Amino acid sequence: MDWQALLLSVKLSSVTVLILIPFAIFVSRFLAYRQFRGKSWVEALIMVPLVLPPTVIGYYLLVGLGSQSWLGQTLESLFGHQLVFNFSGLVIASILVNIPFAIQPIQRSFEAVPEDVRDAAACCGMSRLKVLFKIELPMVWPGVLTALVLCFSHVLGEFGVVLMMGGNIAGETKTIAISIYDSVQAFDFASAGQMSLVLLIFAVTVLAFTTSLSRRMGAGHASRRR
């Protein structure tokens, strides 16, 4: 077991979730309640990482954030180091790739909040932020929790975009998925099998959890409609 790579993957997943989930809550709420021209295009753009190969996203990030681009040079002067082949770059890449996994479940949960509940809160003189934190978030927490679990587990197993953006630097950008690849390349199938088994058990557990949670959430929505 490559513990250094595993811990780096857990760190990357944690940082990504901490940054992405709060952002996804506000974006999801906006998309759930607002109608505007071009909304379908915005939602399609959000969903692009689901169908675009991770290596393609990694390529554009590598070119766009590299030291040869004006954006990469600006960010390098701002952060004091280049983003490509660096942990900070992996965080940016992971956030972009996981946007649909964060926004979709939360947006669907906001859409399921009964309109009369929000109207009643507005009639009581509650501000939008107060409605969000006091009324809506307690009702949409299953979607938030689902997004959190999906994003964390997806980042944990990322390979293509991580390899393109970060390379294979031990202790900096070498995640558990890349370590598995290296072990197979070195014909160390015992180590590769052990690390793969850990990710497999984690993935099955996460899927079982999210499926059960979605079923309970659906049952709750059905009871509220009655």
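Values reported hereafter were calculated over all heavy atoms of this structure, with side chains retained and with hydrogens, waters and symmetry mates removed. Small disclaimer: the values here were computed from a predicted structure and weren't measured.
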Subject >> side-chain hydrogen bond (donor to acceptor under 3.5 Å, both in side chains) pairs, two or more places apart, involving residues 190-202 >> reply: D188-S191
Original post:
What residues, two or more places apart in sequence or in another chain, satisfy side-chain contact (heavy atoms from CB on, under 4.5 Å) together with L62?
Top reply: V84, F85
Original post:
How about L6 and M195: do any of their side-chain heavy atoms sit closer than 4.5 Å?
Top reply: no
**OP:** Could you walk me through whether F87 and L8 pass side-chain contact (heavy atoms from CB on, under 4.5 Å), step by step?
**Re:** CA-CA 9 Å; F87 182 80; L8 182 65; 3.7 Å; yes
Original post:
Any side-chain heavy atom of I92 sitting closer than 4.5 Å to one from M165?
Top reply: no
Original post:
Counting only N and O atoms by type, is there a donor-acceptor contact under 3.5 Å from the side chain of S28 to the main-chain atoms of I103?
Top reply: yes
Original post:
Does F187 have any ring pair (Phe, Tyr, Trp, His ring centres under 6.0 Å) partners at least two apart in sequence or in another chain, and if so, which?
Top reply: none
Original post:
side-chain contact (heavy atoms from CB on, under 4.5 Å) with S13: which residues, sequence neighbours excluded?
Top reply: F152, V155, L156
Subject >> Pairs involving residues 191-200, ordered by first then second residue, that meet salt bridge (Lys or Arg N to Asp or Glu O under 4.0 Å) (sequence neighbours left out) >> reply: none
Subject >> side-chain contact (heavy atoms from CB on, under 4.5 Å) involving P54 - partner list, sequence neighbours excluded >> reply: V161
Subject >> Set of side-chain hydrogen bond (donor to acceptor under 3.5 Å, both in side chains) partners for T205, sequence neighbours left out >> reply: none
Original post:
Between atom OH of Y60 and atom OG1 of T55, what is the distance when rounded to the nearest 0.5 Å?
Top reply: 11.0 Å
Original post:
With a 4.5 Å heavy-atom cut-off, do V198 and I176 have their side chains touching?
Top reply: no
Original post:
Can you check side-chain contact (heavy atoms from CB on, under 4.5 Å) on T173 and N168, steps first, answer last?
Top reply: CA-CA 6 Å; T173 62; N168 188 357; 5.6 Å; no
Subject >> Sidechain-backbone polar pair: S69 side chain, G66 backbone, donor-acceptor under 3.5 Å >> reply: yes
**OP:** Could you tell me which residues satisfy ring pair (Phe, Tyr, Trp, His ring centres under 6.0 Å) with F159, sequence neighbours excluded, listed by chain and number?
**Re:** Y181
**OP:** Not counting sequence neighbours, which residues clear salt bridge (charged side-chain N to carboxylate O under 4.0 Å, His left out) with E76? List them please.
**Re:** none
Original post:
Which atoms form the tightest heavy-atom contact between S88 and L83, and what is the distance?
Top reply: CB-CD2, 3.8 Å
**OP:** Evaluate side-chain contact (heavy atoms from CB on, under 4.5 Å) for V42 paired with L45, printing each intermediate quantity in order.
**Re:** CA-CA 5 Å; V42 173; L45 186 63; 5.7 Å; no
Subject >> By side-chain contact (heavy atoms from CB on, under 4.5 Å) - contacts of R37 (at least two apart) >> reply: none
Original post:
Do V113 and Y33 come within less than 4.5 Å of each other through their side chains, counting heavy atoms only?
Top reply: yes
Original post:
For E111, what residues pass the salt bridge (charged side-chain N to carboxylate O under 4.0 Å, His left out) criterion, not counting sequence neighbours?
Top reply: R108
Subject >> Qualifying salt bridge (Lys or Arg N to Asp or Glu O under 4.0 Å) pairs, either residue in residues 176-187, two or more places apart >> reply: K174-D182
**OP:** Mind listing the closest non-hydrogen atom pair of F110 and E136 along with its distance?
**Re:** CE2-OE1, 3.7 Å
**OP:** Could you check if a side-chain atom of E158 sits within less than 4.5 angstrom of a side-chain atom of L90, using non-hydrogen atoms only?
**Re:** no
**OP:** For the residue pair F23 and I19, establish whether any side-chain heavy-atom pair is separated by less than 4.5 Å.
**Re:** no
**OP:** Check for a donor-acceptor pair, side chain of T146 on one end and backbone N or O of P105 on the other, with a separation under 3.5 Å.
**Re:** no
Original post:
What's the verdict on side-chain contact (heavy atoms from CB on, under 4.5 Å) for F101 and L20, showing C-alpha distance, side-chain angles and the deciding distance?
Top reply: CA-CA 10 Å; F101 294 98; L20 182 56; over 6 Å; no
